[in-house]
Amino acid sequence: MREVSVPYQIPFHDVDSLNIVWHGHYYKYFELARTELYRSCNFDIADMKHLGFSFPVIESNCRYNKPLYYGQRITITACFREWTNYVLIAYSILDPVIGKRLAYGYTKQAVCDAQGLLLMEVPKEVDDVIVD
């Protein structure tokens, strides 16, 4: 199964007055890894549009094990888990220094055609790209 890892250092603009990352930014970190995951398949947003599809996020979840802090170096991983009726991508945020998982979650993306109509299954053209 295809997986990518993205190194990242927490910037000052992502933290509050206690130097702790605001919970909503975790989804931004997931997005960084999701973009790299699709790019690893040579299937970036322009490629999706070229095929006539869009992939809106229809569900997301994040579990917070430990807070993230300003300046902390993390690794965000993403991998495809399901791609039959929607595309499910699983994420993990790790501290590479201590080897601990700090957060994890997933996103589900529906597949829509060029007119924005929901497709009930992932088209073969997309399946062929996602599967190694």
Side-chain angles (χ1 to χ4, degrees):
M1 197 166 302
R2 185 180 299 271
E3 180 177 290
V4 298
S5 294
V6 177
Y8 191 71
Q9 186 171 14
I10 304 299
F12 181 72
H13 59 80
D14 281 0
V15 300
D16 61 19
S17 61
L18 299 174
N19 284 336
I20 296 173
V21 170
W22 174 63
H23 69 279
H25 288 307
Y26 287 67
Y27 291 101
K28 176 175 62 176
Y29 307 151
F30 288 176
E31 171 110 11
L32 293 171
R34 180 172 64 234
T35 299
E36 288 306 313
L37 181 62
Y38 279 119
R39 285 178 178 166
S40 77
C41 302
N42 296 315
F43 196 55
D44 209 350
I45 291 174
D47 304 305
M48 295 173 187
K49 287 183 178 182
H50 178 73
L51 284 178
F53 301 113
S54 64
F55 294 77
V57 173
I58 59 171
E59 185 177 323
S60 60
N61 179 272
C62 183
R63 298 289 297 198
Y64 309 93
N65 294 351
K66 294 191 177 292
L68 302 176
Y69 296 95
Y70 166 69
Q72 185 174 15
R73 293 183 186 277
I74 59 173
T75 301
I76 313 139
T77 62
C79 66
F80 294 111
R81 291 291 165 148
E82 296 179 40
W83 55 88
T84 304
N85 301 102
Y86 47 79
V87 178
L88 187 138
I89 299 174
Y91 307 93
S92 190
I93 297 177
L94 307 167
D95 182 321
V97 174
I98 62 173
K100 297 275 186 182
R101 184 171 70 174
L102 306 173
Y104 62 97
Y106 67 87
T107 55
K108 284 184 184 179
Q109 293 175 273
V111 183
C112 296
D113 67 13
Q115 290 73 42
L117 297 173
L118 178 66
L119 302 177
M120 299 314 289
E121 61 184 32
V122 174
K124 182 173 179 353
E125 302 96 317
V126 175
D127 183 69
D128 289 345
V129 171
I130 291 174
V131 175
D132 284 331

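Annotation: side chain of Lys124 is in contact with side chain of Asp128 (closest heavy-atom distance under 4.5 Å). Between Asp127 and Trp83, the closest side-chain pair of non-hydrogen atoms falls below 4.5 Å. Residues Ile93 and Tyr8 form no side-chain contact, since every pair of their non-hydrogen atoms from C-beta on lies 4.5 Å or further apart. Looking at Pro56 and Ser54, their side chains come closer than 4.5 Å, going by heavy atoms from C-beta outward. For the pair Ile20/Val15, no side-chain contact is recorded, criterion being any heavy-atom separation below 4.5 Å from C-beta on. The shortest side-chain heavy-atom distance between Leu102 and Gln72 falls under the 4.5 Å cut-off.
One finds the CZ atom of Arg101 at 8.0 Å from the CG atom of Leu94 (value rounded to the nearest 0.5 Å). Considering CG of Asp113 and CG of Leu118, their distance stands at 9.0 Å, rounded to 0.5 Å. Atom CZ of Phe55 and atom CE of Met48 lie 5.0 Å apart (nearest 0.5 Å). Distance CH2/Trp22 to CG/Asp16: 11.5 Å, rounded to 0.5 Å. The distance from the NZ atom of Lys49 to the CD1 atom of Ile45 is 7.0 Å, given to the nearest 0.5 Å. Note that CG of Asp47 and SG of Cys41 are 10.5 Å apart. Values are rounded to the nearest 0.5 Å.
Under the 4.5 Å side-chain contact rule for hydrophobic residues, Val6 and Phe43 do not share a cluster. Ile76 and Tyr70 end up in the same hydrophobic cluster when Ile, Leu, Val, Met, Phe, Trp and Tyr side chains are linked at under 4.5 Å. Note on Tyr106: it does not cluster hydrophobically with Ile74, by side-chain heavy-atom contacts below 4.5 Å among ILVMFWY residues. Under the 4.5 Å side-chain heavy-atom criterion for ILVMFWY residues, a single connected hydrophobic cluster contains both Tyr27 and Tyr29. When hydrophobic clusters are built by joining Ile, Leu, Val, Met, Phe, Trp and Tyr residues whose side-chain heavy atoms come closer than 4.5 Å, directly or via intermediates, Tyr26 is not grouped with Val57.
Other residues, nucleotides and ligands contribute only 12 or fewer heavy atoms inside 6.0 Å of the NE2 atom of His50. Atom CD of Glu121 has 12 or fewer neighbouring heavy atoms from other residues, nucleotides or ligands inside a 6.0 Å radius.
Taking both residues in full, the closest heavy atoms of Glu125 and Leu51 are given as CB-CD1, 4.2 Å, listed atom of the first, atom of the second, then distance. When every heavy atom of Ala33 is checked against every heavy atom of Val4, the shortest pair comes out as O-CG2, 3.6 Å.
Between the side chain of Asn85 and the main chain of Met120, a donor-acceptor pair closer than 3.5 Å is present.
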TODO: Walk me through it: do Arg34 and Glu31 pass the test salt bridge (charged side-chain N to carboxylate O under 4.0 Å, His left out)?
DONE: CA-CA 5 Å; Arg34 180 172 64 234; Glu31 171 110 11; 2.5 Å; yes
- [ ] Take Phe30 and Ile89 through the side chain to side chain contact (heavy atoms under 4.5 Å, CB included) test and state the conclusion after the steps.
- [x] CA-CA 9 Å; Phe30 288 176; Ile89 299 174; over 6 Å; no
Task: side chain to side chain contact (heavy atoms under 4.5 Å, CB included) between Val111 and Tyr86, worked out - done: CA-CA 6 Å; Val111 183; Tyr86 47 79; over 6 Å; no
- [ ] Walk me through it: do Arg2 and Leu37 pass the test side chain to side chain contact (heavy atoms under 4.5 Å, CB included)?
- [x] CA-CA 8 Å; Arg2 185 180 299 271; Leu37 181 62; 3.9 Å; yes
- [ ] Would you check, one step at a time, whether the test side chain to side chain contact (heavy atoms under 4.5 Å, CB included) holds for Arg73 with Val97?
- [x] CA-CA 8 Å; Arg73 293 183 186 277; Val97 174; 5.7 Å; no
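Salt bridge present: Asp14 and Lys28 bring a charged side-chain N and a carboxylate O closer than 4.0 Å.
A distance below 6.0 Å separates the ring centres of Tyr38 and Phe80.
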